[in-house]
Amino acid sequence: MSETLADVQYSDADFAHDQRAIDFYRDHGCATVMDAFQIANILHTDGKVREASNFYRIAFDLHPKEAHIHPGPHILLHVSLLCLMKAGETPSDQDMQLLRGYSIPCYDYILAIKIAWRDGDYLQALRVIGNCYDEFHTGEECDRLCLEIALRVYWDTLTKNTLNHSQTDKNIPQKLFFYWDNNPPQEILDNFEYHRVHSGMEVRIFDQADGANWLYQNYGVEARELFLSMRHPAEAADFLRVHVIQKLGGWWMDADIRLRGDGSQLRVLSRRYSHVFLLTHDHVVHNDFFGSVANSPVLADALLSLYRNCYQYPGLYIAYKTGPGPFTRALNRVIHGVFDGVTDLPSMMVYDHTVFADMIEELDVDYKKTGNTWHSVG
């Protein structure tokens, strides 16, 4: 009788000696799709990408290829090939065609990554990748890698000049908005006061009651009910910020970060651009600090994703559901529209990850030490 995948015994070396993966295997084994998938996710998270690729492929091989079984075979296969490329290897033509048979968007995604990473042809990669990110939750890795490719093509336009800001473009209002649900601690109150004194901008602070009433007055009962149903104050702040800036224009800052300096840089940016966004090192768009005019095409798209997520995926991880995810997706969609000739590129500045720390100080506030942060939700 031949040995099956479920019978295979794995050594510590198969897990790149990753203790978390080894512990999971010892507790659960690797006889099911979900066991192999969880091991692969641990290895992927811990940067053991070649071994992660192997276990995603094991999960794919164990999968009965029935549509109702999560994760689907196309998910397992495409991420196995992605991890293979992260490890510096190239997927075989046979595996690429196998993936194409399961999902053309996933095939296009992996093919575009291959073109970008192996050939360095970002323009062709952008052409191939299209809007395949729409097959995934907002903010997942596909969104981030798509945005990285798009910005390679449009980086000069978005970062090196102000020519895309015409005399008729609106400037970002010099207003600064914050949110804290109820009873802010003294360190947060001190931060609010710091910005009232030093930013040179009009400062407005919302609490939960103010936010709920403002949403009702400006967007109706539906927006208020969704806001009040959020699972964590950070999720509520995420929901509110897109609505506030889209209606009023201005700058949004989380309550636990602080502008460096006297705010003069912000005032200069307000006069030069209609949008300012900053990226993390892995091409996630910061939603804790950004500026925009009212009635923005970027924020309009973010709102579409926000409502879709709230209704269809209420239990989704907060960063994907209401946080940076909708912002990252919105930039992808806007650039995709520009690339297809459907729309013009809005006036904006996109900063890379090195700039955030130059502009923003992250405060070491006590509430973060309690463990009751948004990361534990969803």
Side-chain angles (χ1 to χ4, degrees), residues 74-75 78-79 82 99-100 103-117 119-161 163-165 169 242 245-246 273-280 282-287 290 292-293 295-309 312-313 319-352:
H74 63 296
I75 297 297
H78 99 263
V79 74
L82 179 64
L99 177 60
R100 193 176 192 279
S103 170
I104 290 176
C106 283
Y107 168 82
D108 289 342
Y109 169 35
I110 297 303
L111 177 61
I113 298 300
K114 182 180 176 183
I115 292 168
W117 291 0
D119 303 336
D121 189 343
Y122 291 95
L123 183 62
Q124 177 62 13
L126 186 59
R127 185 174 292 115
V128 169
I129 212 163
N131 67 324
C132 65
Y133 44 76
D134 275 312
E135 299 292 320
F136 300 85
H137 288 306
T138 53
E140 288 191 315
E141 188 169 29
C142 182
D143 253 330
R144 302 195 299 271
L145 293 179
C146 285
L147 185 58
E148 180 181 7
I149 289 170
L151 291 176
R152 290 274 191 159
V153 175
Y154 286 95
W155 192 247
D156 284 350
T157 303
L158 291 171
T159 64
K160 299 288 195 298
N161 61 70
L163 295 179
N164 61 333
H165 187 73
D169 285 322
V242 190
I245 303 301
Q246 178 66 341
Y273 302 100
S274 298
H275 304 78
V276 174
F277 298 107
L278 297 94
L279 305 176
T280 68
D282 56 351
H283 294 87
V284 174
V285 180
H286 277 281
N287 76 325
F290 68 95
S292 172
V293 294
N295 300 312
S296 156
V298 182
L299 297 189
D301 196 279
L303 281 172
L304 288 176
S305 292
L306 195 66
Y307 278 87
R308 176 176 178 269
N309 289 342
Q312 295 192 17
Y313 309 106
Y320 295 166
K321 176 187 171 185
T322 59
F327 282 73
T328 307
R329 175 65 53 84
L331 275 189
N332 269 323
R333 285 207 185 117
V334 167
I335 294 174
H336 177 63
V338 173
F339 188 76
D340 277 359
V342 175
T343 186
D344 294 327
L345 185 67
S347 164
M348 69 172 72
M349 168 63 84
V350 178
Y351 283 111
D352 70 18

Which residues satisfy the side-chain hydrogen bond (donor to acceptor under 3.5 Å, both in side chains) test with Thr138, sequence neighbours excluded?
Asn309

Suppose we screen for side chain to side chain contact (heavy atoms under 4.5 Å, CB included). Which residues come up paired with Asn295, at least two apart in sequence or across chains?
none

Looking at every heavy atom in both Leu151 and His283, which two are closest together, and how far apart are they?
CD1-CD2, 4.1 Å

Check whether any side-chain heavy atom of Leu279 sits under 4.5 Å from a side-chain heavy atom of Leu147, and report yes or no.
yes

For Asp108, all residues meeting salt bridge (Lys or Arg N to Asp or Glu O under 4.0 Å), sequence neighbours excluded
none

Using the test side-chain hydrogen bond (donor to acceptor under 3.5 Å, both in side chains), find all partners of Asp282 that sit at least two apart in sequence or belong to another chain.
Thr280

Heavy-atom donor-acceptor pair, Thr343 side chain to Gly337 backbone, under 3.5 Å
no

Sorted by chain and residue number, the side-chain hydrogen bond (donor to acceptor under 3.5 Å, both in side chains) partners of His74 (sequence neighbours excluded) come out as none

So, for Tyr351 and Trp155, which heavy atoms are closest and what is the spacing to 0.1 Å?
C-CH2, 4.3 Å

Hits for side-chain hydrogen bond (donor to acceptor under 3.5 Å, both in side chains) against Asp340, two or more places apart or cross-chain, chain-then-number order -> His336

Pairing residues for Tyr320 by the ring pair (Phe, Tyr, Trp, His ring centres under 6.0 Å) criterion, not counting sequence neighbours:
Tyr317

Tell me, please, which residues at least two apart from Asp121 pass salt bridge (Lys or Arg N to Asp or Glu O under 4.0 Å).
none

Hits for side chain to side chain contact (heavy atoms under 4.5 Å, CB included) against Ala330, two or more places apart or cross-chain, chain-then-number order -> Val298, Asp301, Ala302

Which pairs count as ring pair (Phe, Tyr, Trp, His ring centres under 6.0 Å) when at least one residue sits in residues 127-150, sequence neighbours excluded?
His78-Phe136, Tyr109-Phe136, His137-Tyr313

According to salt bridge (Lys or Arg N to Asp or Glu O under 4.0 Å), who are the partners of Glu141, at least two apart in sequence or on a separate chain?
Lys86

Any donor-acceptor pair under 3.5 Å linking the side chain of His275 with the backbone of Ser347?
yes

